Amino acid sequence: MKAAVLKWVAQIPFGKVATYGQIAALSGHPRAARQVGRILASNGEDLPWQRVLNAKGKISTESQSGELQIRLLEAEGVVFNAEGVCDLRTYLWQPELSQDRSALKKSL
DNA sequence: CGTGTGACGCGAG
DNA sequence: CCTCGCGCCACAC
């Protein structure tokens, strides 16, 4: 599962973001959103972990490295409002519509 | 291998 | 906006 999470996070395209719940679901564990966060917190720094936000489009690392995360995302073109929240309707990654081939096949 | 625990969540009230 | 508690799994023991 950890592997699946890392794999999916690595798939998040530049300039897009995903939520913990979304990653968990894609990994086959719809209810394990928290584990996703835990995994990202302790995995390496190789992944675009900054592209993972909570379900409200806000960073969950304010007490960790919030500033850094926001900077990294803004550098990708993701805009945050004064409250540190980005518009998921605009930036949320939608794998089914972009590159989740396996899920796409199922619907065919 | 069994148990305990806590974590970057989430949705409901 | 705030609070509550469920749920699930990686990790330390």
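Keep in mind that this is a model prediction, so the values were computed, not measured. A note on names: the letters A, B, ... follow the listed sequences, proteins ahead of strands, and every chain is numbered from 1.
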(request) Mind checking Ala55(A) for me? I need base, sugar-phosphate or nothing, with any heavy atom below 4.0 Å counting as a touch. (result)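 The answer is sugar-phosphate, as Ala55(A) gets under 4.0 Å only of primed atoms, P, OP1 or OP2.
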(request) Could you pick out which residue, Ser42(A) or Arg34(A), lies toward the 5' side of DNA chain C when each is mapped onto its nearest nucleotide? (result)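 On the 5' side of the pair lies Arg34(A).
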(request) By nearest nucleotide on DNA chain C, pick out whichever of Gln35(A) and Lys2(A) is the more 5' one. (result)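 So the residue in question is Gln35(A).
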(request) Supply the atom-to-atom distance Ile12(A) CD1 to Ile23(A) CD1, rounded to the nearest 0.5 angstrom. (result)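 Answer for the CD1-CD1 pair, Ile12(A) versus Ile23(A), is 4.0 Å.
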(message) Return the CD1 to CD distance between Ile70(A) and Gln50(A), rounded to the nearest 0.5 Å.
(response)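 Ile70(A) CD1 to Gln50(A) CD: 12.0 Å, rounded to 0.5 Å.
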Please report the distance, rounded to the nearest Å, between [atom1] in [X] and [atom2] in [N].
| X | N | atom1 | atom2 | result |
| --- | --- | --- | --- | --- |
| Leu26(A) | dG9(B) | CG | P | 18 Å |
| Arg38(A) | dA10(C) | CZ | P | 9 Å |
| Met1(A) | dC11(C) | CE | P | 10 Å |
| Asn54(A) | dA7(B) | CG | P | 17 Å |
| Leu40(A) | dA10(C) | CG | P | 13 Å |
| Trp49(A) | dA7(B) | CH2 | P | 17 Å |
| Ile23(A) | dC10(B) | CD1 | C1' | 15 Å |
| Glu83(A) | dC2(C) | CD | C1' | 15 Å |

(message) Ignoring hydrogens, what is the shortest heavy-atom contact between Val5(A) and Ile39(A)? Give both atom names and the distance.
(response)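 Looking at all heavy atoms of both residues, the closest pair is CG2-CD1, 4.1 Å.
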(message) To check you understand the geometry: which heavy-atom pair defines the closest contact between Thr61(A) and Trp49(A), and what is its length?
(response)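 Reported closest heavy-atom pair: CG2-CZ3, 4.3 Å.
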(request) Hey, which sits more toward the 5' end of DNA chain B by its nearest nucleotide, Lys56(A) or Ser60(A)? (result)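 Its nearest nucleotide being more 5', the pick is Ser60(A).
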(message) Suppose we define a pair by two distances each less than 3.5 Å, Watson-Crick or G-U wobble; what does dC11(C) pair with here?
(response)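 In the structure as shown, dC11(C) has dG4(B) as its Watson-Crick or wobble partner.
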